[in-house]
Every structure is written in structure tokens, then in C-alpha cells.
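Structure record follows, encoded as C-alpha cells.
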Amino acid sequence: MPSHRTRKPRAGTAPRRASARFLPVVDETSAGGLVIDVQEGRAVTAVIARRNRGGRLEWCLPKGHLEGAETAEEAAVREIAEETGISGRVLRHLATIDYWFAGDDHRVHKVVHHFLLEAIGGDLTTENDPDHEAEEVEWVSLDDVARRLAYPNERRIVAAAREILVGDG
């Protein structure tokens, strides 16, 4: 029978963190996207600012976890309304992205479904966000929003929405 040796940390040293590849995996599914309105003849979209893990404020598209038996489309409509105050109607699916990140005791495989929505009512506010993650919300011109967003995958989603809206998609 092979022997397995375990190294004990030397006195005064912190124990090693388990390698991320050996951590248990948690699957998460979220939905959100771009809610578009036309104001003064230009297309605008509502974006939110939230704190990243390092405490820095980052602009991103509204999104959040699916609840209960709701579909990704239903979750996108609900999350956008909660985080921006704007009610929307789904026009079409834009993209599904997935990525990995690690916490202290698990790895997360996150899948996010992004939709293009038409604004049908409401006023910009973060007051309805039950998690209070969204700290700010603004209408940003569709021409300028990619420069505002923190994440490259969300900038690609904006590019896909622009192609659709100008008739190329």
C-alpha cells in the first residue's frame, strides 16, 4: 500500500490554500442585458455601477440570478427593473457568456444570458435593488456605453446589440 505523507506547516507559517483546481465547483446562472430607449433622437441604455471585490466602482450591464422556476428572459426583465427602475420588453437574445472565478472555498462557473430589451416604462433608480449591489444608474448613449463598461465581454455584447439595431444583425 503506498504511503501518503502530509507536510505540516512550519511553526509561524500560514497553511497553504488548496489549489483552485481541487476546490468544489458551484454552477450559477444569471440573466440581464441592454434595455434601450430613444431619448432626444438617440439610442440610450441603462447601465449600473457596483463595487467589485476590490471595492472599486465599476460600470456594467444589469444582471442577476434566476429565481425559482423563472426563465432567463423573465429573470432579465426582473433584474433590469430591480437594478435600474426601468421596465422592459425582451426583443431578442443577444449572447450567452460563461466564465470562472474562485472564492476561498469553491470555484464558480457562471453562465450569463444577455438580452436586448425595449424600455416600456419606469424611472431610473437603484432603490428597488433588493441586494443593494447597484449603487448608481445612468442612461448612457449607445455610441458611448462600450467605453464606460468595465468588462470586455460586455463591450462585445453592446457591439452585437448595435449591429442588430442598425440592421446588420
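One-based numbering along the sequence shown. Since we're looking at a predicted model, the values are computed, not measured. Computed from heavy atoms alone, side chains included, the values below leave out hydrogens, waters and symmetry copies.
Atom-to-atom distance recorded for Thr45:OG1 and Leu34:CG is 4.0 Å, nearest 0.5 angstrom. Separating the CG atom in Leu117 from the CG atom in Asp37 is a distance of 12.0 Å, to the nearest 0.5 Å. Put simply, CZ on Arg155 and CZ on Arg148 are 13.0 Å apart, with the number rounded to the nearest 0.5 Å. Atom OG in Ser141 sits 8.0 Å away from atom CZ in Arg147 (nearest 0.5 Å). With rounding to the nearest 0.5 angstrom, the CG atom of Leu116 is 5.0 Å from the CG atom of Leu94.
With respect to the salt-bridge test (charged N to carboxylate O, under 4.0 angstrom), the residues Glu58 and Arg51 do not qualify. At a threshold of 4.0 Å, the pair Arg89-Glu73 does not count as salt-bridged, since none of the basic side-chain nitrogens sits closer than that to a carboxylate oxygen. A salt bridge links Asp143 to Arg162: at least one charged side-chain nitrogen sits closer than 4.0 Å to a carboxylate oxygen. Arg78 has a carboxylate O that lies under 4.0 Å from a charged side-chain N of Glu82, or vice versa, which qualifies the two as a salt bridge.
Counting only heavy atoms from C-beta outward, the side chains of Cys60 and Val47 never approach each other to under 4.5 Å. Taking the side chain as every heavy atom from C-beta outward, Ile97 and Ile157 approach each other to under 4.5 Å. Contact annotation: the side chain of Phe115 never approaches that of Arg92 to less than 4.5 Å [non-hydrogen atoms, C-beta and beyond]. A 4.5 Å side-chain heavy-atom check between Tyr99 and Val111 finds every atom pair outside the cut-off. Within the 4.5 Å cutoff, side-chain heavy atoms of Leu142 are placed close to those of Val158. Side-chain contact between Leu61 and Leu149: present, with at least one pair of heavy atoms (C-beta onward) separated by less than 4.5 Å. A 4.5 Å side-chain heavy-atom check between Arg107 and Phe101 finds every atom pair outside the cut-off. Between Glu135 and Arg50 the shortest side-chain heavy-atom distance does not fall below 4.5 Å.
For the residue pair Lys110 and Val112, the shortest heavy atom distance occurs at CG-CG2, 3.9 Å. For the pair Asp98 and His109, the tightest heavy-atom approach, listed with the atom from each and the gap, is OD2-NE2, 2.7 Å. What you find for Pro152 and Ala150 is that their closest heavy atoms are CD-O, 3.9 Å. Scanning both residues, Ala31 and Ala72, for their nearest heavy atoms gives CB-O, 3.2 Å. Taking both residues in full, the closest heavy atoms of Pro62 and Ala46 are given as CD-O, 3.7 Å, listed atom of the first, atom of the second, then distance.
Residues Ile80 and Trp59 fall into different hydrophobic clusters, defined by Ile, Leu, Val, Met, Phe, Trp and Tyr side chains chained together at heavy-atom separations under 4.5 Å. Linking ILVMFWY side-chain heavy atoms closer than 4.5 Å, directly or via other members, places Ile48 and Ile86 in a single hydrophobic cluster.
For Asp129 (side chain) and Asp131 (main-chain N/O), a donor-acceptor pair under 3.5 Å exists by modelled atom type. In this structure, Glu70 contributes its side chain and Glu67 its backbone to a donor-acceptor pair below 3.5 Å. Under the 3.5 Å distance criterion, the side-chain polar atoms of Gln39 are left unmatched by any main-chain donor or acceptor of Val44.
Considering Val35, Val90, Thr71, Ile120 in turn, Val90 is the only one that fulfils the side-chain contact (heavy atoms from CB on, under 4.5 Å) rule with Val77.
Glu28 and His65 share a donor-acceptor pair across their side chains, judged by distance under 3.5 Å alone.
Within 6.0 Å of CG on Asp123 lie no more than 12 heavy atoms contributed by other residues, nucleotides or ligands.
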Go through the steps to decide whether His113 and Ser30 satisfy the test side-chain contact (heavy atoms from CB on, under 4.5 Å), and finish with yes or no.
CA-CA 6 Å; His113 303 281; Ser30 292; over 6 Å; no
